[in-house]
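Notes to accompany the following structure.
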Amino acid sequence: MAPSASRTRAAAALRMKQIVLDNQGRTIRCLRAQLATERRGLATMRKELEDTQVALEASHKVIAGLTEIGLSMSKNIEKMKVKKQLAKANHVKCHQKFQARIHEAEDSMQAQHLIIEALVDEKDSLLQTIQGLQEANNAPAPFDGEWEEEPEEEPEEEEIEDIPLCEGEIYDE
């Protein structure tokens, strides 16, 4: 083999190695560019993740606050329900007491009416007895023969005393 042929081969091999090295260099630069792009994307994603975590923590705080407010409102609602039930029970109790007083007053008025009727009947009976005795004794009639009854007055409606309102009762004027 000729020395120039081996040089040509060596030069060709060297040229091939140079091409391979150039290609590898381009590949390395391309990969470095891709790596830099990926790192920038990763940094952006990391920043977005941090922002998301901050927003998530803020959301958790808001949710915790709203939950606390909701629980507080639920407790207040329960208290209000209990108060309403107590007020209703007091109202019913007062209503029953008031109705009992009304019934007592009605019963008393009815009893008084019966007593008045009995007294009127007794008065009539006594008048008849007196007239009968006068006729039997031939005594002059001191009553002109007729008894003049006093006009019956319309029974005045008794004023109902002010009954104190019970706790929880609504007073409208």
Side-chain angles (χ1 to χ4, degrees), residues 34-173:
Q34 285 179 349
L35 181 61
T37 302
E38 290 295 323
R39 283 184 179 162
R40 284 191 300 272
L42 184 59
T44 302
M45 287 174 63
R46 191 173 288 142
K47 176 67 174 144
E48 289 174 357
L49 178 61
E50 288 172 1
D51 292 345
T52 303
Q53 280 182 314
V54 169
L56 185 61
E57 288 173 7
S59 293
H60 284 303
K61 287 180 182 178
V62 169
I63 290 170
L66 291 175
T67 302
E68 188 175 323
I69 290 170
L71 290 174
S72 174
M73 288 176 67
S74 293
K75 287 178 185 176
N76 287 341
I77 289 170
E78 287 302 316
K79 286 179 184 177
M80 289 170 56
K81 284 181 181 178
V82 168
K83 284 182 182 179
K84 182 179 177 184
Q85 289 173 346
L86 289 174
K88 187 175 182 179
N90 284 339
H91 177 74
V92 167
K93 189 175 179 181
C94 287
H95 181 72
Q96 289 171 344
K97 286 180 181 178
F98 187 66
Q99 287 296 329
R101 287 181 183 175
I102 288 173
H103 287 300
E104 285 176 16
E106 287 174 349
D107 291 345
S108 174
M109 286 172 49
Q110 193 173 18
Q112 289 173 358
H113 182 70
L114 291 174
I115 291 171
I116 290 171
E117 283 182 7
L119 289 173
V120 168
D121 290 344
E122 189 177 333
K123 179 187 85 168
D124 288 343
S125 172
L126 286 174
L127 284 177
Q128 287 177 357
T129 304
I130 291 172
Q131 285 178 353
L133 288 173
Q134 285 176 347
E135 287 176 6
N137 291 333
N138 288 328
F143 304 115
D144 276 340
E146 285 188 25
W147 178 261
E148 196 173 294
E149 290 189 23
E150 293 180 20
E152 280 191 35
E153 294 181 17
E154 292 287 324
E156 293 180 19
E157 289 190 24
E158 294 181 23
E159 289 186 24
I160 298 176
E161 65 184 66
D162 287 335
I163 298 172
L165 298 175
C166 294
E167 222 177 282
E169 189 168 329
I170 298 173
Y171 179 70
D172 290 329
E173 276 199 35

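No hydrogens, no waters, no symmetry mates; every other heavy atom, side chains included, goes into these values. Along the sequence shown, the residues carry numbers beginning at 1. It should be emphasised that the depicted structure is a prediction, and the values quoted were computed from it without experimental measurement.
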**Prompt:** Got a sec, which residues hit side chain to side chain contact (heavy atoms under 4.5 Å, CB included) with Q34, two or more places apart in sequence or on another chain?
**Reply:** C30, L31
**Partners passing side-chain hydrogen bond (donor to acceptor under 3.5 Å, both in side chains) against R40 (at least two apart in sequence or in another chain)** = T37
Residues 71-83, side-chain donor-acceptor partners within the protein, below 3.5 Å, at least two apart:
from : atom 1 : to  : atom 2 : distance (Å)
S74  : OG     : G70 : O      : 3.0

**Message:** Going by side chain to side chain contact (heavy atoms under 4.5 Å, CB included), name the residues that satisfy it together with Q110, two or more places apart in sequence or in a different chain.
**Reply:** D107
**Item:** Inter-residue atom distance K123.NZ - I130.CD1, 0.5 Å rounding
**Value:** 11.0 Å
**Message:** T44: which residues meet the side-chain hydrogen bond (donor to acceptor under 3.5 Å, both in side chains) condition with it, sequence neighbours left out?
**Reply:** none
**Prompt:** When rounded to the nearest 0.5 angstrom, what distance separates CG in N90 from NZ in K97?
**Reply:** 8.5 Å
**Complete:** Rounded to the nearest 0.5 angstrom, the NZ-NE2 distance for K84 and H91 is 12.5 Å
**Prompt:** E106 and side chain to side chain contact (heavy atoms under 4.5 Å, CB included): which partner among M109, H103, E104?
**Reply:** H103
**Fill in**
Here the gap from L127 atom CG to E122 atom CD, rounded to the nearest 0.5 Å, amounts to 11.0 Å
**Fill in**
The reported gap from NZ in K88 to NE2 in H95 (rounded to nearest 0.5 angstrom) is 12.5 Å
**Request:** Would you give the length of the straight line joining atom CD of Q131 to atom CD of Q128, rounded to the nearest 0.5 angstrom?
**Result:** 7.5 Å
**Request:** For residues 48-71, pull every pair meeting side-chain hydrogen bond (donor to acceptor under 3.5 Å, both in side chains), keeping only residues two or more places apart or in separate chains.
**Result:** K47-D51
